[in-house]
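The model shown is predicted, which means the values in this text are computed figures rather than measured ones.
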Amino acid sequence: AEIEMSDTAFDTQPWLILACSSNRYAALYCHKTRQGMAGKRVIIMGAAGRDFHNFNVVYRDDPSRRVVAFTATQIPEIAGRRYPPSLAGPYYPEGIPIIKEAALSGQEADEVVFAYSDARHQDVMHKASQALAMGADFTLLGPKATMLMSRRPVVAVSAVRTGCGKSQVTRYLAKRLREKGLRVAAIRHPMPYGDLAAQAVQRFATPADLDAADCTIEEREEYEPHIALDVVVYAGVDYAAILAAAEQEADVILWDGGNNDFPFYRPDLHIVLADALRPGDETAYHPGEAVLRMADIVVLAKADSATPEALAQVRRNAEALAPVATIVRGASPVTLDGPVAGKAVLVVEDGPTLTHGGMSYGAGLVAARDAGAHILDPHESAKGDIAALYAQYMHIGPVLPAVGYYPRQLAALAASINAADIDLVVSGTPCDLAALIAIDKPVVRARYDYAELDSPGLVDLVDAFLDSR
């Protein structure tokens, strides 16, 4: 019998092949079976953040492509778990395995998606070469495919590298927005290091919320300062559901970016920080260079501490990559809660800034030295997982990274501090470290904020944006 068939007929009625002797339809059936019904095999390379978001908005509901694995890097103890069925959707009743990135070459895939941040450009292309050698396509998903639209104005804070000072700028803007009578919801780039299903949508308004969610040091560093300002913080895994919840109680969405990634929501005002202490990094890292090119406002961060030559280099690069953006300078003043002059101190710094952020020290060390403290090198007292961290990140200077992704690492952090022969601890992490682990020495906190160096400055530009809405 002769049957008039379209290509799409085989998507829903593959039995039609029985009525057809045409080689064309036989070939079409084989193609549809291999590429459609079986699904194009996809592996998403990530670090428990951007990778999950890309899956949720691009791949989860696409039957023509099947994500067979996530790979994990940067964040410890993510590999060996599964992305849960409740988040993966009906096409993935068993969830999706998360494997070590080192195991990538042994997998079968038609497409490899690179989906994490703060990677050198050449390292991204090494990953691309690895994927091509496997026979796979190599994909970088961009803003059009992955940014969600909000019903509320979105002010986004991003950066060209981890450790540029996004947190203090976000807090500074949150205070200003609240002063104008606006209800603000800060939505943080994902940090889901626990039970992914339980962390699909997280809302933090009080310190008790952090305790109930068993937040890590890394999470507390980002959430505690917002809560101290009475700003509600959202985070989690499902950023469409997170946005819907935040929109119910906010006039403005404040995107608090992570690493040097671009926002998950399409910004109405995009503020990008470039670090004046790391000239050249703004053009050397993915996706930081792309983020800079997207900027509406570029903040030359830490301009008060940089040399004139370094500041001029970062400005030139910003002008070249973001020619229509407005450029302002910002300072990062640091204050200590107590005296440290003449004391032997151990300095604890923000962990991610030191590890994949690549910094050898942070604001805590600068403040302690300027105040006349004697700095003890914590390498000598490092225990367990902290000692292993120093071996992995050999650039870290005489400071202790505040890492606590899991209990064993947290215990090693406490043991490393308590083993040091010091008078006190200078804590440069934004969270209350002494409330989280048992430290047998006095703790002096180093607090850093954002300060304007230009007029008009960042706050004036944000005010002008809000007045134009």
Side-chain angles (χ1 to χ4, degrees), residues 46-53 72-78 81 87 116-118 157 159 162-163 165-168 170-171 174 185-239 241-242 245-246 254-261 264 348-357 362 385 389 400-414 427-437 445 447:
R50 160 67 65 178
D51 47 344
F52 297 158
H53 176 69
T73 188
Q74 293 183 345
I75 310 302
E77 303 212 353
I78 296 296
R81 302 162 61 186
L87 291 170
Y116 61 91
S117 51
D118 230 343
V157 179
T162 301
K166 296 184 300 295
S167 296
Q168 57 258 47
T170 305
R171 296 195 303 269
I187 302 183
R188 180 66 171 82
H189 187 277
M191 308 178 75
Y193 307 138
D195 182 339
L196 296 178
Q199 294 177 318
V201 178
Q202 296 178 292
R203 180 184 184 276
F204 303 103
T206 68
D209 294 334
L210 303 177
D211 296 334
D214 195 24
C215 287
T216 64
I217 285 181
E218 290 72 20
E219 292 169 289
R220 290 173 182 271
E221 286 177 337
E222 305 301 333
Y223 306 156
E224 280 186 14
H226 283 301
I227 292 172
L229 297 174
D230 292 324
V231 174
V232 173
V233 186
Y234 281 88
V237 184
D238 188 339
Y239 275 77
I242 289 167
L254 184 57
W255 174 258
D256 188 355
N259 290 1
N260 66 345
D261 203 357
F264 289 6
V348 180
E349 301 277 24
D350 171 72
T353 297
L354 299 179
T355 55
H356 47 277
D385 286 22
L389 203 68
L400 188 66
V403 291
Y405 289 104
Y406 48 89
R408 191 182 71 240
Q409 200 173 52
L410 201 60
L413 178 64
S427 177
T429 169
C431 74
D432 186 356
L433 192 63
L436 191 58
I437 58 176
R445 294 186 67 174
R447 303 178 189 270

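With hydrogens and angles left out, the side-chain atoms of H189 and D256 include no donor and acceptor closer than 3.5 Å. In the model, E222 has a side-chain atom that pairs as donor or acceptor with a side-chain atom of S167 under 3.5 Å. Using a 3.5 Å distance cut-off with no hydrogens or angles, the side chains of D261 and S117 do not pair a donor with an acceptor. Side-chain contact check for T162 and D118: at least one donor-acceptor pair (N or O, by modelled atom type) lies under 3.5 Å. Side chain to side chain, Y406 and D385 meet the donor-acceptor criterion of an N or O pair below 3.5 Å.
Proximity of R171 to L229: side-chain heavy atoms (C-beta onward) are separated by under 4.5 Å at one or more points. Side-chain contact between D238 and H53 is absent, with no heavy-atom pair separated by less than 4.5 Å. In this structure the side chain of I217 never reaches within 4.5 angstrom of the side chain of V403, judged on heavy atoms. L210 is listed as a side-chain neighbour of E224, based on a closest heavy-atom distance under 4.5 Å. Contact of the V157 side chain with the W255 side chain is not registered, since no non-hydrogen atoms from C-beta on lie closer than 4.5 Å. At a threshold of 4.5 Å between non-hydrogen side-chain atoms, the residues I78 and P76 do not count as touching. Looking at heavy atoms from C-beta onward, H226 lies out of side-chain contact with F204 at the 4.5 angstrom threshold. Put simply, the side chain of Q202 does not reach to within 4.5 Å of the side chain of D209, judged on heavy atoms.
Between the CD1 atom of I242 and the OH atom of Y234 there is a distance of 9.5 Å, given to the nearest 0.5 Å. In this structure, the separation between CD on E218 and CD1 on I75 is 7.5 Å, given to the nearest 0.5 Å. To the nearest 0.5 angstrom, T73 atom OG1 is 5.0 Å from Y116 atom OH.
Proximity of a side-chain donor or acceptor of Q199 to a complementary backbone N or O of G194 within less than 3.5 Å is detected. Of the possible polar contacts, none joining the E77 side chain to the Y405 backbone as a donor-acceptor pair under 3.5 Å is found. Remark: side-chain polar atoms of E221 are not paired, donor with acceptor, to backbone N or O of C431 under 3.5 angstrom. A side-chain donor-acceptor contact under 3.5 Å links K166 to the backbone of N259.
By the 4.0 Å N-to-carboxylate-O rule, E219 lies too far from R188 to be salt-bridged with it.
The minimum heavy-atom distance between P401 and L389, with the atom names listed, is CG-CD2, 3.5 Å. Annotation for P192 and V237: closest pair CB-CG2, 3.7 Å, computed over non-hydrogen atoms. A402 and V348 get closest at one heavy-atom pair: CB-CG1, 3.6 Å. Residue V231 comes nearest to A174 through the heavy atom pair CG2-CB, 3.9 Å, listed as atom of the first residue, atom of the second, then distance. Residues T216 and G404 approach most closely at CB-O, 3.3 Å, considering heavy atoms. The two atoms that bring S427 and L433 nearest to each other are OG-CB, 4.0 Å, heavy atoms only.
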Exercise for the section: Dump the intermediate steps for side chain to side chain contact (heavy atoms under 4.5 Å, CB included) on F52 and L196, then the final yes or no. Expected result: CA-CA 10 Å; F52 297 158; L196 296 178; 4.0 Å; yes
Problem - From CA spacing to verdict: side chain to side chain contact (heavy atoms under 4.5 Å, CB included), T170, L254 - result: CA-CA 8 Å; T170 305; L254 184 57; 3.5 Å; yes
Handout entry: Candidate pair V232 and R203, rule side chain to side chain contact (heavy atoms under 4.5 Å, CB included), full reasoning
Key = CA-CA 7 Å; V232 173; R203 180 184 184 276; 3.6 Å; yes
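Note: F264 and Y239 have perpendicular aromatic rings, judged against thresholds of 30 and 60 degrees for the angle between ring planes.
Partners of D211 by salt bridge (charged side-chain N to carboxylate O under 4.0 Å, His left out), not counting sequence neighbours, listed by chain and number: R220.
With a 6.0 Å radius and a threshold of 12 heavy atoms from other residues, nucleotides or ligands, D432 has its CG atom above the threshold.
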